[in-house]
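Some notes on the structure that comes next.
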2 protein chains.
Amino acid sequence: MASRQNQSESRAETFSGTQAARIAGISYRRLDYWARTDLVRPTAADAQGSGSRRRYNYRDLLELRVIKDLLDAGIRLESIRRVFDYMRDHVTSDISAATIVISGSSVILCDGDELFDVLRHGQGVLNVLPLSGVRDEVDRGIVATTPDVAADEKDLAV
Amino acid sequence: MASRQNQSESRAETFSGTQAARIAGISYRRLDYWARTDLVRPTAADAQGSGSRRRYNYRDLLELRVIKDLLDAGIRLESIRRVFDYMRDHVTSDISAATIVISGSSVILCDGDELFDVLRHGQGVLNVLPLSGVRDEVDRGIVATTPDVAADEKDLAV
DNA sequence: ACGCGGAACTACACGGGTGTAAGACGTTAG
DNA sequence: CTAACGTCTTACACCCGTGTAGTTCCGCGT
């Protein structure tokens, strides 16, 4: 039955702006604002004039959700911007089970032991966000939002 | 020689608004704003009508500096407010070598191993701030700002 | 091929809330 | 008395969007 792979396995499908907003748990206007101000552009297809369509991929959804979580945690959008500018240039590795650590204007991706070292020796404020939780949130969002996948899930559950 | 105890030992002396601002590394305006909006009231003596004088104690200085560091880390003052409202009600223990961990609107004071557990099992964004660094910053601020203590330090150094 | 309905993006202006600074005002020391 | 200092009031600029109307494009029926 399952017409799709596991959620987080390199999915090739893309999402419209409206879908992406719903999945990430933000308003469409906010998504639009972030796209226009270069915070998160849709990777699959950017808008080019009125009437065109943005297409977000799975990784974009992760970023959107990370930003939402950071905002909810009370971090200013301005500093989130700096963090992501940095990350885009420096991070290529897979974002699966790592943890984002933000210290001032620099960002580190850690797993397990590394994390502990960083925290022990870190001075100043560190913002710590485990990405596994973010992925789960996004996957739940996809299931709850896209009708066909929801159907698949039901099939699996029964 | 040293006419005072060690910096962080229960010091009884108090500080004026201007002194407190300088030691914490913030503008006087900012200190004033925080006092008027109930973020950090001077414990030793609060303002009671125009022309009266605020007196801050050592612990107040620590709080001021923590807030400054959180702000510098890109956290919105609004959420810092919520955190401190909570902390005032729940935290009575000594703030010596612990670490503040902020998760959403709740705050935890940890030391060492505890910290590791919290971070491992934590969901969402965690803001981590070791207080030892804060205390050092404040003590340096006091030395650099109050003339007599600075003199003491010189005596010790020479 | 053509028109039409609706979804999606765009342009523009506005607004609540927040953090800060300037200056008016009061008080106290000397 | 008055100069120095500290507090209180008010105004302002900025952030982070949102409301709304307009525009473009897609898909579909005919």
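Lettering follows sequence order; numbering is per chain, from 1.
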Nearest-Å distance, [atom1] ([X]) to [atom2] ([N])?
{"X": "A:Gln48", "N": "C:dA8", "atom1": "CD", "atom2": "P", "answer": "18 Å"}
{"X": "A:Tyr33", "N": "D:dC14", "atom1": "OH", "atom2": "P", "answer": "14 Å"}
{"X": "B:Arg53", "N": "D:dC8", "atom1": "CZ", "atom2": "P", "answer": "12 Å"}
{"X": "A:Leu31", "N": "D:dC16", "atom1": "CG", "atom2": "C1'", "answer": "15 Å"}
{"X": "B:Arg76", "N": "C:dT18", "atom1": "CZ", "atom2": "P", "answer": "10 Å"}
{"X": "B:Glu78", "N": "C:dT20", "atom1": "CD", "atom2": "P", "answer": "13 Å"}
{"X": "B:Asp32", "N": "C:dG23", "atom1": "CG", "atom2": "C1'", "answer": "13 Å"}
{"X": "B:Ile26", "N": "C:dT20", "atom1": "CD1", "atom2": "C1'", "answer": "12 Å"}

When all nucleic acid strands are considered with a 4.0 Å heavy-atom cut-off, which category describes [X]: base, sugar-phosphate, or nothing?
{"X": "B:Arg30", "result": "sugar-phosphate"}
{"X": "A:Leu71", "result": "sugar-phosphate"}
{"X": "A:Thr18", "result": "sugar-phosphate"}
{"X": "A:Ser27", "result": "sugar-phosphate"}
{"X": "A:Arg81", "result": "nothing"}

One thing to verify: whether A:Arg81 and A:Asp85 come together as a salt bridge, which I'm taking to mean a side-chain N less than 4.0 angstrom from a carboxylate O.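 Salt bridge absent between A:Asp85 and A:Arg81.
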
Do A:Lys68 and A:Asp72 sit within salt-bridge range, that is, some charged N less than 4.0 Å from a carboxylate O?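 Yes, this pair counts.
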
Is there a path of hydrophobic side-chain contacts, each under 4.5 Å between heavy atoms of I, L, V, M, F, W or Y residues, that connects A:Ile102 with A:Leu119?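 Each belongs to a different hydrophobic cluster.
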
With a 3.5 Å cut-off and just heavy-atom distances, do the side chain of A:Arg29 and the base of D:dG19 make a donor-acceptor pair?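 Result: at least one qualifying N/O pair found.
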
Examine C:dT10: is either OP1 or OP2 under 4.0 Å from a nitrogen or oxygen in the side chain of A:Arg54? Give yes or no.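 Looking at the OP1 and OP2 atoms of C:dT10, one of them is under 4.0 Å from a side-chain N or O of A:Arg54.
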
Are the side chains of B:Tyr33 and B:Leu77 in touch, meaning some heavy atoms are under 4.5 Å apart?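 A side-chain contact exists here, since the closest heavy-atom pair is under 4.5 Å.
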
Surrounding CZ of B:Arg65 (heavy atoms of other residues, nucleotides or ligands, distance under 6.0 Å), is the total greater than 12?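 Yes, the 6.0 Å shell around CZ holds more than 12 heavy atoms from other groups.
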
Nearest-neighbour nucleotide for the A:Tyr28 side chain, D:dT18, C:dA8, C:dT20 considered: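 The closest nucleotide is C:dA8.
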
